[in-house]
Colleague: 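Before I ask anything, here is the structure I am working with.
Keep in mind it's a predicted model, so treat the numbers as computed, not measured.
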Amino acid sequence: MIRVSVDSAPIDVGVELAGIEESGAGGIASFIGVVRGDGGVTCLELEHYPGMTEAVLCDLAEQAMTRWALMSAVIVHRVGPMEPGERIVLVATAAAHRGAALEACAFLIDRLKTEAPFWKREQRGERATWVDARESDAEAANRWTG
Amino acid sequence: MIRVSVDSAPIDVGVELAGIEESGAGGIASFIGVVRGDGGVTCLELEHYPGMTEAVLCDLAEQAMTRWALMSAVIVHRVGPMEPGERIVLVATAAAHRGAALEACAFLIDRLKTEAPFWKREQRGERATWVDARESDAEAANRWTG
Amino acid sequence: MRLLYFAWVRETIGVGEEDVQPPEAVRTVSDLIDWLRGQSEGHALALVDFKRLRAAVDQKFVPLDSDLGPAREVAIFPPVTGG
Amino acid sequence: MRLLYFAWVRETIGVGEEDVQPPEAVRTVSDLIDWLRGQSEGHALALVDFKRLRAAVDQKFVPLDSDLGPAREVAIFPPVTGG
């Protein structure tokens, strides 16, 4: 089962994980990204490329399903404005054994960071700045190549 | 924040992850182990060594907190009888960045498998058999040494 | 040809999308960006530095030196920062 | 000295815990296991194979050749299978 969602509604972790548990897997790994409030950020806004985003996420989920023989892969990404403490992204993978689930989960979040067309803008009071891409993200994504 | 629990009550993932999200972390990684029904298993029973179990889990959580500079580490392990589809274990880690959270989560579940005094007995109808330890678990735990 | 802009590229140009008909000589994504720079001050400012730009043709990421081919939709944007 | 047994070691011996006073000559965990084998048929059967046994002294895992020292609680059990 693949589930990909890009939506402005808050992410309900309980519901998403309950859904993936029904796949009969022995192990479910997940990663949740949360808006950090450090550096005085009051609001984070996520812009994306509708249509392309969903296609990229589906393609990543399919790659993970095949490479790690997963039973399920779920990617839920929030867009629009959100506050510190709110969830930006949930990635979850289900497999017969834990090693596959954990690796596939790391693969999905690493590759999402460099391949999915999202852009973050941080608001600090009245001032808004677009977040720069990080070199460390490119390195993390590269370790899955080949 | 460290939270360790060994209990016969079902594991509530929503509650556990909501608790860990409050630590102000940017990333939360988790692993959930679920009772598999393959091979005709009708019931799984978990026995443990009260006192020692909690001490081992606390020690593992403390090691992970230090090694990956975590904000939180949670280990919740169920004991007693449970049915296929029910959760046996939840491990969750919170860190400023995803790499630390994901690695620490893998460390905790790998080491728990070989160091925490739990024993599984599988019931298939009337027949009960104690589960044998797996060589692959020892190998997975060893990769964190040194 | 439909153009889409995102993030600060969109903000600096002042529109999120527009339809353009570039001349025949515009063959690659870089050619297109070069040509767009002459369209307005906003375009010139947003598109000044190739190194800060990425592109997708018909919703697939491509290097900037790629041929446009029979592209219907070209998107120009900064490096992505999701997750 | 308090002894604890778990999993099939407990089932085969027939009790989960017992208090024993081994003779002076019992110095290591293996010595203790050897001595316990003579206590009952259940003990003999459960403890027949060192390779299938693990132990903890005062709630710390120890190799079977460890000295018991002033141990108050010794647990004998199969390799663990949690998670």
Colleague: Under 4.5 Å, counting heavy-atom pairs only, tell me which of C:K60, C:R52, C:R10 racks up the most with chain A.
Modeller: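 The option with the most such pairs is C:R10.
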
Colleague: Would you say that more than 12 heavy atoms from the other residues, nucleotides or ligands in this model lie under 6.0 Å from the CZ of A:R143, or not?
Modeller: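 More than 12 heavy atoms, drawn from other residues, nucleotides or ligands, come within 6.0 Å of this atom.
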
Colleague: Would you find a donor on one side and an acceptor on the other, under 3.5 Å apart, between the side chain of C:T81 and the backbone of A:K120?
Modeller: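 Here the side-chain-to-backbone pair exists.
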
Colleague: Once you round to the nearest 0.5 Å, how far does CG of A:D132 lie from CH2 of C:W8?
Modeller: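 Taking CG in A:D132 and CH2 in C:W8, the distance rounds to 9.0 Å.
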
Colleague: Check A:Y49 against C:A56 and note the closest heavy-atom contact, atom names and distance.
Modeller: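 What the structure gives for the nearest pair is CE1-CB, 4.2 Å.
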
Colleague: Please name the pair of heavy atoms, one in C:F6 and one in A:P50, separated by the smallest distance, quoted to 0.1 Å.
Modeller: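 So the two residues come closest at CE2-CD, 4.3 Å.
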
Colleague: Is it true that, when you exclude C:Q39 itself, more than 12 heavy atoms of the residues, nucleotides or ligands shown sit nearer than 6.0 Å to its CD?
Modeller: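 Atom CD in C:Q39 is packed in, count exceeds 12.
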
Colleague: To check you understand the geometry: which heavy-atom pair defines the closest contact between C:F61 and A:E115, and what is its length?
Modeller: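 Scanning both residues completely, I find the closest heavy atoms to be CE1-O, 2.8 Å.
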
Colleague: Quick one: closest heavy-atom pair of C:G82 and A:F118, and the distance?
Modeller: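 Nearest pair, atom of C:G82 first, then A:F118: CA-CB, 3.4 Å.
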
Colleague: If you look at every heavy atom in A:M52 and C:Q59, which pair is closest and at what distance?
Modeller: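 Minimum heavy-atom separation between A:M52 and C:Q59: N-OE1, 3.1 Å.
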
Colleague: For C:R2, I'd like to know if atom CZ has over 12 heavy atoms of other residues, nucleotides or ligands within 6.0 Å.
Modeller: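 Check passes, neighbour count above 12.
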
Colleague: Measuring heavy-atom distances to chain C, does A:A55 have an atom under 4.5 Å in its side chain, in its backbone, in both, or in neither?
Modeller: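 No part of it gets close to chain C.
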
Colleague: Please report the shortest heavy-atom distance between A:T114 and C:V80, naming the atom on each side.
Modeller: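 Reported closest heavy-atom pair: O-CG2, 3.4 Å.
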
